[in-house]
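Each remark here refers to the structure printed beneath this line.
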2 protein chains.
Amino acid sequence: MSESHRTTVSVKDVAAAAGVSVGTVSNVLNRPEKVSPATLDHVQATIARLGFVRNDAARQLRAGSNRSIGMIVLDIRNPFFTDVARGVEDRLTAHRRPLILGSSGQDASRESTYLDLFEQQRVSGLLITPVGKVLPRLRRLRERGTAVVVVDRRTGSREFSSVSVDDVRGGRLAGQHLAAVGRRRIAFVGGPADLTQVRHRLRGLQESVPADGSPVRHVETAAMDADAGRRAAESLLTLPAPERPDAIFGANDLVALGVLQALTLAGVRVPDDVAIVGYDDIDFAASAAIPLTSVRQPRDEMGAVATDLLLAAIDDPAARVRDIVLEPELVVRRSTGG
Amino acid sequence: MSESHRTTVSVKDVAAAAGVSVGTVSNVLNRPEKVSPATLDHVQATIARLGFVRNDAARQLRAGSNRSIGMIVLDIRNPFFTDVARGVEDRLTAHRRPLILGSSGQDASRESTYLDLFEQQRVSGLLITPVGKVLPRLRRLRERGTAVVVVDRRTGSREFSSVSVDDVRGGRLAGQHLAAVGRRRIAFVGGPADLTQVRHRLRGLQESVPADGSPVRHVETAAMDADAGRRAAESLLTLPAPERPDAIFGANDLVALGVLQALTLAGVRVPDDVAIVGYDDIDFAASAAIPLTSVRQPRDEMGAVATDLLLAAIDDPAARVRDIVLEPELVVRRSTGG
DNA sequence: CGTCGTGATTGAAAGGATTCAATCAGCCGA
DNA sequence: TCGGCTGATTGAATCCTTTCAATCACGACG
């Protein structure tokens, strides 16, 4: 059947074995319709027999660019980002383009390493949720012909297309809902405060707090994971009873789930004593033993829309820069009495 | 400062601008100690000024192989796999090797597409949790000089190194614990049954079931996500009371969390009426409102060990094939009365 | 029977970084 | 002052695929 190769097989070897020229082999690979049926068969058989596999490096070198798309997310352990990535991957698969996924873990130097890699690889497009000050690098990439789309952020400058969700609106949805179910002492858990997302969600919440309620209490956290939520909830539990919140809005679902756990452990009834709202609506929000009310971000859609923008920019580098802002949606579940 | 480039800058351009030969530029890039300090400075300055970035395709073409490592996981949405991937990535970062991560989603054709990609890219190593019948392809990859390590599986044939966890033992740990807390009617939820993991965990459970208990009831599922767990739990709730299990062992944490949710919604008390044990010990297991007892797999360690094996095989292709089997560990929490 | 046209095939050139044998410059010691 | 040595630098060859102008073969048509 197949033979054993110490050395790798090239088009030249295939050509020699099949008794045709390298040009013909290349045509078989890339423009089979230009090749006579007999030759096509014969060459394809030879390729299979020798186990020839295209060398992508050489192909790219000639082509000048790579078909792959690079993506840098904040945290691959947050299901929110893996869901977005899934949306991207699904869309790319349809276009036969591979996705190279990197996670910066909120670390600017790691982000920079991935940018180096993608730049050297000459990826044809980049999807990024930026951490550090990367604007100059993004500009350079674009000058080189790499399309760039910012995900889950807006750049401010109108230089790069972006896809994001209206976080102020999301905060408002949460606040209005909590007000509607009669909550008057609302706390917000999340941080660090210099994250745009955190600020916007908080602002939306504040705007919609009932007139007869206390002002929003912000418990700032260093990270956005369950552990941070747990600790924040414990600190809230030490407050004298009249000051204790009757509702907590977590800046994302991981935080909210941590809050939920700490409260349940402490014997606080959810939602009777304290209502909880999360953000993102990851699958685990619905799977929690007390299903979590959450502000849903259209994760798949974000991935899909970002991919479409990117592919459009690759096809036509002069395509208009667009900031697409998607709408969040409130999903009511048991944690607020749904 | 920086100039604007329509066309890309090559070593030749740098050489011309710096007034040296391409060989010297290459030396500056790869063997700076061979270059005189003055030249080094000058060339580096020129590189910065022109914004030169190495073309990786050309570099690889010459070098014959790529520094990157490919990884194919079963499901990027399962935190278990992203945790393993993190372990891999951390280790690789230390060796300045990029990781290209793909998710097969349990789909053999998607797995095959990633294998094609990695083969064409000439990655220097591959980490894979196989789905389809890929042994012949893995052999071919190795013949071509790509190191291969199987993750979270054993190959059976002693051809490729692997890192896995003793699943029979894990099942036994769960069974012994449930027996110790007095459970006698145990159900196992997971599937499909042709997954080795599922079979092994079930077997371990059966081996340790108390002599005076009923035989294990296996509710087979089509997938291993929360939704499957939810549906399985609902079907168990339709059983007549005396047949209802007093303990449920989920084949992974996603399934167990789904079970937990369905039971809680139905008013079944956990752990009083039914105890629940999961598998993997993902972070969400501890974060669940009723924290989940789970059989812990050392996820970071699996990633790290697999990476070490892979790097060793890359350095020395004749390195001995090793099957490393790690030990699982029971983490007791509230869902079994901990 | 010669010419033209069509479709198939050819083969050399290009793409950019790396390598290494060859060359060069400069200095020391004789 | 010159041969010899060392360290620095050079530049042509190489890696493999793709492209495209040129060539070829063959049948149809005038």
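Chain letters run A, B, ... following the sequence lines, proteins first, then strands; residues in each count from 1.
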Checklist line | Minimum-distance nucleotide to A:Val22 side chain [options: C:dA12, D:dC15, C:dA17] | finding: C:dA12
Notebook entry, point to check: Will you find, in the side chains of A:Arg54 and A:Asn30, an N or O donor that is under 3.5 Å from an N or O acceptor?
Noted result: yes
Item checked: Under 3.5 Å donor-acceptor pair, A:Arg62 side-chain atoms to D:dT18 base atoms -> yes
Notebook entry, point to check: In degrees, rounded to 10°, what is the bend between the two ends of the helix from C:dC1-D:dG30 to C:dA30-D:dT1, using five pairs at each?
Noted result: 60°
Item checked: Distance, rounded to the nearest Å, where A:His42 contributes NE2 and C:dT9 contributes P -> 12 Å
Check: Does A:Thr24 put a side-chain nitrogen or oxygen below 4.0 Å from OP1 or OP2 of C:dT10?
Finding: yes
Margin query: Tell me whether B:Arg110 is salt-bridged to A:Asp90, with the criterion being a basic N under 4.0 Å from an acidic carboxylate O.
Written below: yes
Next item on the list: Specify the separation, in whole Å, of atom CG of B:Leu61 and atom P of C:dT19.
Entry: 13 Å
Notebook entry, point to check: Which residues pass the salt bridge (Lys or Arg N to Asp or Glu O under 4.0 Å) test with B:Arg77, sequence neighbours left out?
Noted result: A:Asp83, A:Asp283
Notebook entry, point to check: Rounded to the nearest Å, what distance is computed from the CG atom of residue A:Asn30 to the C1' atom of nucleotide D:dT17?
Noted result: 9 Å
Next item on the list: Look at B:Asp300 together with B:Arg86 and state whether they make a salt bridge at an N to O cut-off of under 4.0 Å.
Entry: no
Notebook entry, point to check: Quick one: B:Leu50 CG to C:dA17 P, roughly how many Å, whole number?
Noted result: 12 Å
Notebook entry, point to check: Are any of B:Ser36's side-chain N or O atoms less than 4.0 Å away from OP1 or OP2 of D:dT9?
Noted result: yes
Checklist line | Interatomic distance, A:Ser36 atom OG to A:Asp41 atom CG [nearest 0.5 angstrom] | finding: 9.0 Å
Notebook entry, point to check: Out of curiosity, A:Glu111 CD to A:Gln106 CD, how far, rounded to the nearest 0.5 Å?
Noted result: 10.5 Å
Check: Cationic tip of A:Arg142 within the cone over A:Phe160's six-membered ring, i.e. under 6.0 Å and within 45° of the normal?
Finding: yes
Checklist line | Between P of D:dT18 and CD of A:Gln60, the distance in whole Å | finding: 11 Å
Item checked: 5' priority, DNA chain D, between B:Ala58 and B:Val35 [closest heavy atom] -> B:Val35
Next item on the list: Answer yes or no: is there a donor N or O on one side and an acceptor on the other, between the side chain of B:Asn27 and the main chain of B:Lys34, under 3.5 Å?
Entry: no
Note to self: On the nucleotide C:dA17, are OP1 or OP2 found under 4.0 Å from the side-chain N or O atoms that B:Asn55 carries?
What the structure shows: no
Check: A:Val25 near the nucleic acid: base, sugar-phosphate alone, or nothing, with a heavy-atom cut-off under 4.0 Å?
Finding: nothing
Next item on the list: Return the value, rounded to whole Å, for the distance between atom CZ of B:Arg122 and atom C1' of D:dC16.
Entry: 9 Å
Notebook entry, point to check: Reckon B:Asp56 touches a base, only the sugar-phosphate, or nothing at all at heavy-atom distances under 4.0 Å?
Noted result: nothing
Check: Starting at the 5' end of DNA chain C, which residue's closest nucleotide do you reach first, B:Ser26 or B:Ala57?
Finding: B:Ala57
Note to self: With a cut-off of less than 4.0 Å, is there a side-chain N or O of A:Arg31 near OP1 or OP2 of D:dT19?
What the structure shows: yes
Notebook entry, point to check: Between B:Thr39 and D:dA8, does any side-chain N or O lie under 4.0 Å from OP1 or OP2?
Noted result: no
Next item on the list: Check the distance between D:dA8's C1' and B:Leu40's CG and give it to me in whole angstrom.
Entry: 13 Å
Next item on the list: Kindly say if B:Arg54 contacts the phosphate of C:dT18, meaning a side-chain N or O under 4.0 Å from OP1 or OP2.
Entry: yes
Check: Starting at NZ of B:Lys34 and ending at C1' of C:dT19, how long is that distance when rounded to a whole Å?
Finding: 12 Å
Check: Can you check whether B:Ser10 has a side-chain N or O nearer than 4.0 Å to OP1 or OP2 of C:dG16?
Finding: no
